[in-house]
S.K.: 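Encoded as structure tokens, here's the structure I'll be asking about.
Please read all numbers here as calculations on a predicted model, not as lab measurements. Just the heavy atoms: all of them, side chains too, but no hydrogens, waters or symmetry mates, feed the values below. We number each residue from 1, following the sequence as shown.
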Amino acid sequence: QLQQAVVTRVALETFTSPAEAAKRIFPEIEAWERKREEQIVAELLNAATISARAAVGLEPTLKFIQEGRASLMVIVRGFDREVFECPHCRFINTGSNQLCSRCGADGLRKVSAAAVLPQLVVQFHVPIEIVAGPAGQELAKNGGIGVLLRF
């Protein structure tokens, strides 16, 4: 199990300073992280294209999180859009209808997705993967946000 936790190996001399060690190790860790992000985004986009195991875009992401079906949310660093929150049932969606699509209450409030997404993922116990770099660019072309589904 320890072997699975190893991200990279870098040979260092015993007299290497901590600053020099960090300078040599951190680029390796960052490269591993970028590769992992690219794999996650590829899995998300592939699953959203060929199966019902994933969805991309803000509206389906909000829907599946609030239904308790999301197993992982993947989002581009800095993502934000305008969404609407029901003052009665707290349902979040992208539609600007005057009435809540869940409970029918009126007076939906405009809010920032960046403000409400953290609350939703905590409430529904959904892990988050924030991506940047090439993976972030690829996801941004496909809505900037998506979810892998439990079922």
Side-chain angles (χ1 to χ4, degrees), residues 1-86 89-96 101-102 108-151:
Q1 288 191 5
L2 179 60
Q3 192 66 5
Q4 293 173 341
V6 175
V7 172
T8 188
R9 289 179 177 206
V10 178
L12 301 172
E13 295 77 23
T14 54
F15 53 84
T16 304
S17 72
E20 180 62 26
K23 200 161 108 178
R24 292 180 55 194
I25 292 170
F26 285 142
E28 295 288 327
I29 294 171
E30 288 173 1
W32 174 84
E33 178 65 16
R34 296 288 85 80
K35 183 178 178 185
R36 192 177 72 75
E37 289 175 354
E38 288 173 10
Q39 290 170 339
I40 290 169
V41 169
E43 178 187 350
L44 172 70
L45 296 177
N46 187 46
T49 302
I50 64 171
S51 73
R53 292 186 21 239
V56 292
L58 184 55
E59 184 67 31
T61 296
L62 290 171
K63 174 184 179 280
F64 288 126
I65 289 173
Q66 293 174 102
E67 287 178 356
R69 293 184 54 199
S71 65
L72 175 70
M73 180 178 82
V74 185
I75 187 168
V76 172
R77 182 176 306 285
F79 179 88
D80 198 11
R81 299 285 187 283
E82 184 177 86
V83 295
F84 295 87
E85 180 180 36
C86 175
C89 72
R90 305 308 245 203
F91 185 70
I92 310 291
N93 69 30
T94 59
S96 61
S101 59
R102 177 174 282 169
L108 300 182
R109 299 180 310 155
K110 267 189 223 182
V111 292
S112 161
V116 296
L117 281 170
Q119 299 164 12
L120 284 178
V121 297
V122 168
Q123 179 182 352
F124 291 95
H125 310 287
V126 180
I128 304 171
E129 182 68 38
I130 300 170
V131 297
Q137 293 168 357
E138 189 62 29
L139 185 55
K141 288 189 242 176
N142 291 278
I145 189 170
V147 286
L148 291 169
L149 303 177
R150 295 183 207 281
F151 55 89

S.K.: Please round to the nearest 0.5 Å and tell me the distance separating atom OG1 of Thr16 and atom CD1 of Ile25.
M.R.: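 If we round to the nearest 0.5 Å, Thr16:OG1 and Ile25:CD1 are 9.0 Å apart.
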S.K.: Any idea which heavy atoms bring Leu149 and Ala70 closest together, and the distance?
M.R.: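 In this case the closest contact between Leu149 and Ala70 is CD2-CA, 4.3 Å.
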S.K.: Keeping the roles fixed (side chain from Arg69, backbone from Phe151), state whether a donor-acceptor pair exists under 3.5 Å.
M.R.: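 The answer is yes, because a donor-acceptor pair under 3.5 Å joins these two groups.
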S.K.: At their closest point, which heavy atom of Ser71 faces which heavy atom of Arg150, and how far apart are they?
M.R.: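 Nearest pair, atom of Ser71 first, then Arg150: CB-CG, 3.7 Å.
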S.K.: Could you tell me whether Lys35 and Glu38 have a side-chain N and a carboxylate O separated by less than 4.0 Å?
M.R.: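 A salt bridge is absent here (no side-chain N lies under 4.0 Å from a carboxylate O).
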S.K.: For Lys110 and Phe84, what are the C-alpha separation, side-chain angles and deciding distance, and is it a side-chain contact (heavy atoms from CB on, under 4.5 Å)?
M.R.: CA-CA 5 Å; Lys110 267 189 223 182; Phe84 295 87; 3.2 Å; yes
S.K.: In Å, rounded to the nearest 0.5 Å, how long is the span from CZ of Arg81 to CD of Glu59?
M.R.: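 CD of Glu59 is found 13.5 Å from CZ of Arg81.
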S.K.: Side-chain donor-acceptor pairs under 3.5 Å in residues 116-128, sequence neighbours left out?
M.R.:
| from | atom 1 | to | atom 2 | distance (Å) |
| --- | --- | --- | --- | --- |
| Gln119 | NE2 | Ala115 | O | 3.4 |

S.K.: For the backbone of Arg90 and the side chain of Arg102, can you confirm whether one donor and one acceptor N or O come within less than 3.5 Å of each other?
M.R.: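 No.
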S.K.: Going from CD on Glu129 to CD on Glu43, what distance comes out if it is rounded to the nearest 0.5 angstrom?
M.R.: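 Those atoms lie 11.0 Å apart.
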S.K.: Scan the side chains in residues 131-141 for donor-acceptor partners under 3.5 Å anywhere in the protein, sequence neighbours excluded, and list what turns up.
M.R.:
| from | atom 1 | to | atom 2 | distance (Å) |
| --- | --- | --- | --- | --- |
| Glu138 | OE1 | Lys141 | NZ | 3.2 |

S.K.: When rounded to the nearest 0.5 angstrom, what distance separates OG1 in Thr61 from CD1 in Ile145?
M.R.: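 If we round to the nearest 0.5 Å, Thr61:OG1 and Ile145:CD1 are 4.5 Å apart.
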